[in-house]
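Below you'll find the structure, written out as structure tokens, and then a few comments.
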4 protein chains.
Amino acid sequence: MKLLKAARTVFERDGYFNASVDDIVKEAGAARGSFYGYFEDKRHVFRIVASEVTEAVRQAVISGSATTGDAVARLHATNLRYLEVYRANAAMFGLVEQVATIDPVVSADRMEIRRQHISRVSDSIARWQERGLVKKDIDADLVAPLLVSMTSNFCYWWFVGSETYEWDRAAETITDTWVRVLGLASPERVRRKRGGSPD
Amino acid sequence: MKLLKAARTVFERDGYFNASVDDIVKEAGAARGSFYGYFEDKRHVFRIVASEVTEAVRQAVISGSATTGDAVARLHATNLRYLEVYRANAAMFGLVEQVATIDPVVSADRMEIRRQHISRVSDSIARWQERGLVKKDIDADLVAPLLVSMTSNFCYWWFVGSETYEWDRAAETITDTWVRVLGLASPERVRRKRGGSPD
Amino acid sequence: MKLLKAARTVFERDGYFNASVDDIVKEAGAARGSFYGYFEDKRHVFRIVASEVTEAVRQAVISGSATTGDAVARLHATNLRYLEVYRANAAMFGLVEQVATIDPVVSADRMEIRRQHISRVSDSIARWQERGLVKKDIDADLVAPLLVSMTSNFCYWWFVGSETYEWDRAAETITDTWVRVLGLASPERVRRKRGGSPD
Amino acid sequence: MKLLKAARTVFERDGYFNASVDDIVKEAGAARGSFYGYFEDKRHVFRIVASEVTEAVRQAVISGSATTGDAVARLHATNLRYLEVYRANAAMFGLVEQVATIDPVVSADRMEIRRQHISRVSDSIARWQERGLVKKDIDADLVAPLLVSMTSNFCYWWFVGSETYEWDRAAETITDTWVRVLGLASPERVRRKRGGSPD
DNA sequence: AATGAATGAGGTTTCATTCAT
DNA sequence: TATGAATGAAACCTCATTCAT
């Protein structure tokens with residue numbers, strides 16, 4: 001919708017706190033009062049805009065859970081999908097972090113994404129452990145949040161902040177680091193070798 | 001100083017955006033105008049309060065660079081120091097993340113801390129590589145920011161957010177994860193050519 | 001407009017410096033914020049109110065430039081028009097002098113009025129000199145500002161200050177003084193070569 | 001005194017309204033509170049500074065009342081004295097006009113100067129009329145304030161405002177204009193000629 | 001639904017003045 | 001007398017929100 005699109009434009013341009021309802025309606029070419037026919041207030045419209053983005057991240061993180069094929073290759077594919085979604089929505093994703101610090105609803109959304117992300121990683125680890133690809137002494141309840149923090153926060157400084165990295169090398173190093181942390185062996189390697197110090 | 005202490009109290013209680021200069025002077029039992037004898041505005045007083053905290057983090061991260069002794073033990077000590085400083089200043093540290101999104105000065109401070117933290121980790125990795133404790137093919141320019149992201153963001157969700165972890169186990173898992181990522185062998189282990197989980 | 005009228009009322013009653021935006025909105029029966037929908041600040045609204053008055057003066061000073069008829073009679077008519085406009089807008093005219101000392105825009109307006117006034121007088125003198133009603137050795141570049149100063153400042157003390165003069169006698173003395181300064185002879189008098197006090 | 005001098009400096013530099021007590025004590029190198037040991041408030045210190053200036057003008061206007069000698073020459077001398085004092089104290093004199101619009105005491109002082117100036121001119125006219133140098137039909141009660149307005153306001157625009165005139169020519173034209181207004185004949189001319197149309 | 005003028009609470013900031021030392 | 005920190009009244013201005021049209 002016109003106002004929703006305008007809101008996202010203004011938020012991305014000015015940030016949440018500098019954006020005023022006025023700026024949004026001006027951007028949309030609408031009248032001041034029209035805004036309140038659609039949204040309760042600035043928070044409300046932000047929550048809606050934000051949910052578009054968080055949904056995209058959820059998709060990137062949740063999908064592709066095929067249980068067959070090469071584990072490392074699939075992990076890498078998931079990581080690449082995550083990096084791409086993060087980069088494409090960097091501005092809004094930065095804003096979600098910003099607004100989460102003051103809006104309980106956005107904060108809850110943000111936590112829910114992380115929760116799901118962690119959950120998905122935990123499940124993967126458990127599956128790998130069952131298949132003997134990851135040692136049983138890996139504490140998934142701690143390692144999963146650590147890996148999610150590592151990846152999401154690295155993306156934050158890369159795509160929202162001003163750190164610059166080379167795409168391929170960064171993506172590969174991320175996956176490589178996951179592999180080292182988990183001692184994740186490719187199924188082939190498991191077959192061939194005994195097991196698992198990270199290479 | 002009275003107003004500085006009050007400012008920190010109010011910021012930690014109400015957050016940056018809900019805090020007003022009025023609240024601060026009320027908390028300090030001072031008059032409205034007194035505030036402006038010491039600070040230019042709310043931003044200014046926040047920057048000062050924040051710099052106290054960022055300085056504490058800097059100390060935790062920078063100090064203790066003895067080059068002898070057990071590498072893993074010293075890494076663990078540094079991590080513990082970091083966790084303790086983060087926990088002790090959790091509220092303010094959360095605020096720094098919050099305000100960094102809108103105040104360029106706080107943002108620059110925040111970036112500088114990260115830069116120094118990464119730098120310190122890079123240096124450690126380089127030293128370990130020279131001593132043969134870490135393989136040369138570890139890309140410190142990417143692994144250092146990844147490790148810093150992992151640790152700082154995990155602390156954020158733990159101490160500022162509402163995730164709960166058991167202190168000892170979390171601390172040990174963090175160090176353990178660093179060790180796995182780097183393939184860091186204790187000097188002894190290097191000598192004895194024996195694997196083992198870090199203490 | 002409601003606020004503009006209220007602003008003028010308050011300015012005339014309290015002066016520029018004692019008037020607050022609050023007083024103006026209270027006088028208008030409007031809300032604080034309404035003011036800023038129309039004006040940027042107190043200065044701005046004053047400039048608008050002032051421009052109404054300066055425009056009135058400009059009209060009084062510029063108009064009626066018929067080139068025929070009795071010179072003295074027409075001079076007197078112009079002077080009367082000036083006195084009337086000054087008296088009718090005395091309060092505001094005093095304020096313009098007051099605010100001109102601190103607001104560059106009002107100051108520029110004030111100067112422009114004087115410039116136009118002087119210019120108009122200069123032109124008249126030149127015309128009279130061409131027609132032989134005023135001697136060529138009159139230095140219009142100096143005499144015009146002197147006459148304008150005389151008239152406007154006399155009005156200031158009369159209508160804004162507390163000096164009191166009898167209307168007819170003052171008006172006639174002013175015109176009479178202009179005539180003496182310029183040695184302005186009525187066309188008839190020039191023809192008849194007879195002196196006479198201006199009507 | 002140190003504060004008085006500083007006050008004048010600050011007033012002349014910043015104007016009355018922009019000048020703060022703070023600026024004055026800073027200029028004087030004194031402490032905030034010291035000011036109130038000497039003056040009641042900003043108005044008070046301005047009144048004192050102003051009275052120095054108004055006294056100078058009073059002197060220029062009142063003195064030199066010798067009743068003998070050439071009338072026009074003495075008039076010119078008085079006018080020159082007035083111009084010189086005005087020019088020398090232009091900044092403060094402008095401020096007096098400014099502050100007179102809001103401070104009753106300064107306003108009264110300003111009026112008193114004008115009253116004395118007018119009075120002095122009236123007396124001169126009366127004396128000249130007795131001596132036959134000025135016609136009896138000149139209405140001194142109106143012509144005196146007109147001449148004072150002319151001279152003082154011309155000086156205002158010249159020395160305080162931004163109008164520029166050549167000193168000698170302006171001074172002579174002023175006196176010349178007085179002479180025309182009054183039909184003032186030099187005693188010599190009176191003796192030689194019959195009477196008095198201004199040359 | 002759309003409009004946009006009007007609202008007024010809420011914040012910011014200044015500065016003349018006081019007062020304990 | 002000198003100091004300068006503290007005071008607090010009084011102004012300023014913004015902006016989310018309402019409401020009559």
Side-chain angles (χ1 to χ4, degrees), chain A residues 1-3 7 10 14 16-26 28-46, chain B residues 1-3 10 14 16-26 28-45, chain C residues 1-3 10 14 16-26 28-45, chain D residues 1-3 7 10 14 16-26 28-46:
Chain A
M1 197 261 286
K2 196 175 62 169
L3 279 166
V10 172
D14 301 336
Y16 180 75
F17 297 106
N18 288 325
S20 70
V21 172
D22 232 49
D23 296 332
I24 293 170
V25 296
K26 225 172 276 165
R32 192 80 59 89
S34 304
F35 182 88
Y36 294 92
Y38 297 94
F39 312 107
E40 282 165 35
D41 50 23
K42 192 170 82 163
R43 272 171 153 197
H44 184 205
V45 74
F46 183 84
Chain B
M1 197 259 285
K2 194 175 62 167
L3 280 166
V10 171
D14 301 337
Y16 180 74
F17 296 105
N18 287 324
S20 71
V21 170
D22 236 49
D23 296 333
I24 294 170
V25 296
K26 228 170 274 165
R32 196 79 60 86
S34 303
F35 182 89
Y36 294 93
Y38 296 95
F39 314 107
E40 280 164 41
D41 49 23
K42 192 170 81 163
R43 266 177 160 194
H44 184 204
V45 74
Chain C
M1 198 262 284
K2 196 174 62 166
L3 280 165
V10 171
D14 301 336
Y16 179 74
F17 296 104
N18 287 325
S20 71
V21 170
D22 235 51
D23 296 333
I24 293 170
V25 297
K26 228 171 274 165
R32 195 79 59 84
S34 303
F35 182 89
Y36 295 94
Y38 295 95
F39 314 107
E40 279 165 40
D41 49 22
K42 193 170 81 165
R43 267 178 159 188
H44 184 204
V45 74
Chain D
M1 196 263 286
K2 194 175 61 168
L3 279 166
V10 172
D14 300 336
Y16 180 74
F17 297 105
N18 287 324
S20 70
V21 171
D22 231 49
D23 296 332
I24 294 170
V25 295
K26 225 171 277 167
R32 192 79 60 88
S34 304
F35 183 89
Y36 295 91
Y38 296 94
F39 313 107
E40 282 165 36
D41 49 24
K42 191 169 86 165
R43 272 170 153 194
H44 185 204
V45 74
F46 183 83

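Residue numbers start from 1 in every chain, and the chains themselves are labelled A, B, ... in the order their sequence lines are given, proteins ahead of strands. Since the structure is predicted, the reported quantities are computational estimates derived from the model, not experimental observations.
What separates CZ of B:Phe17 from P of E:dG11 is a distance of 14 Å, to the nearest Å. In this structure, C:Phe39 places its CZ atom 14 Å from C1' of E:dA5, rounding to the nearest Å. Rounded to a whole Å, the NZ atom of C:Lys42 is 12 Å from the C1' atom of F:dA10. With rounding to whole Å, A:Lys26 atom NZ is found 15 Å from E:dT3 atom P. Here F:dA11 presents its C1' atom at 13 Å from CD1 of C:Ile24, a figure rounded to the nearest Å. Atom pair C:Asp41:CG and F:dA10:P shows a separation of 22 Å (rounding to whole Å applied). We find that OH of B:Tyr16 is positioned 13 Å from C1' of E:dG11, with the value rounded to whole Å. If you take CG of D:Asp23 and P of E:dT14, they are 13 Å apart, rounded to a whole angstrom.
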request  = May I have the step-by-step check of side chain to side chain contact (heavy atoms under 4.5 Å, CB included) for A:His44 and A:Tyr38, ending in yes or no?
outcome  = CA-CA 9 Å; A:His44 184 205; A:Tyr38 297 94; over 6 Å; no
task = Would you check, one step at a time, whether the test side chain to side chain contact (heavy atoms under 4.5 Å, CB included) holds for B:Phe35 with B:Val45?
result = CA-CA 9 Å; B:Phe35 182 89; B:Val45 74; 3.8 Å; yes
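Each of C:Phe35 and B:Phe35 was matched to the nucleotide of DNA chain E holding its nearest heavy atom; the match closer to the 5' end belongs to C:Phe35. If B:Asp22 and C:Ala30 are placed on DNA chain E by their nearest nucleotide, the residue sitting closer to the 5' end is C:Ala30. Judged by closest nucleotide on DNA chain F, D:Lys2 is the one of B:Gly29 and D:Lys2 placed further toward the 5' end.
The shortest heavy-atom contact between A:Lys2 and A:Ala30 is NZ-CB, 4.2 Å. C:Asn18 and C:Asp23 get closest at one heavy-atom pair: O-OD2, 3.6 Å. Closest approach of B:Leu3 to B:Ala28, counting heavy atoms only: CD2-CB, 3.7 Å. Shortest non-hydrogen contact noted between A:Ala31 and A:Val25 is O-CG1, 3.7 Å.
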Using a cutoff of under 3.5 Å, can you pull out all pairs of nitrogen or oxygen atoms linking the protein to nucleotides 18-21 of chain E, with atom names and distances?
none

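Under the 3.5 Å distance criterion, the side-chain polar atoms of A:Lys42 are left unmatched by any main-chain donor or acceptor of A:Ser20.
The aromatic rings of D:Phe46 and D:Tyr16 stand perpendicular to each other, their planes meeting at an angle above 60°, with 30° marking the opposite boundary.
For B:Tyr36, the ring pair (Phe, Tyr, Trp, His ring centres under 6.0 Å) test picks out no residue, with sequence neighbours left out.
A:Tyr38 comes within 4.0 angstrom of the backbone, heavy atoms only, and of no base.
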query = Using Watson-Crick and G-U wobble pairs with both distances under 3.5 Å, what is the 5'-to-3' dot-bracket string of DNA chain F, with [ ] for crossing pairs and | for pairs outside the strand?
reply = .||||||||||||||||||||
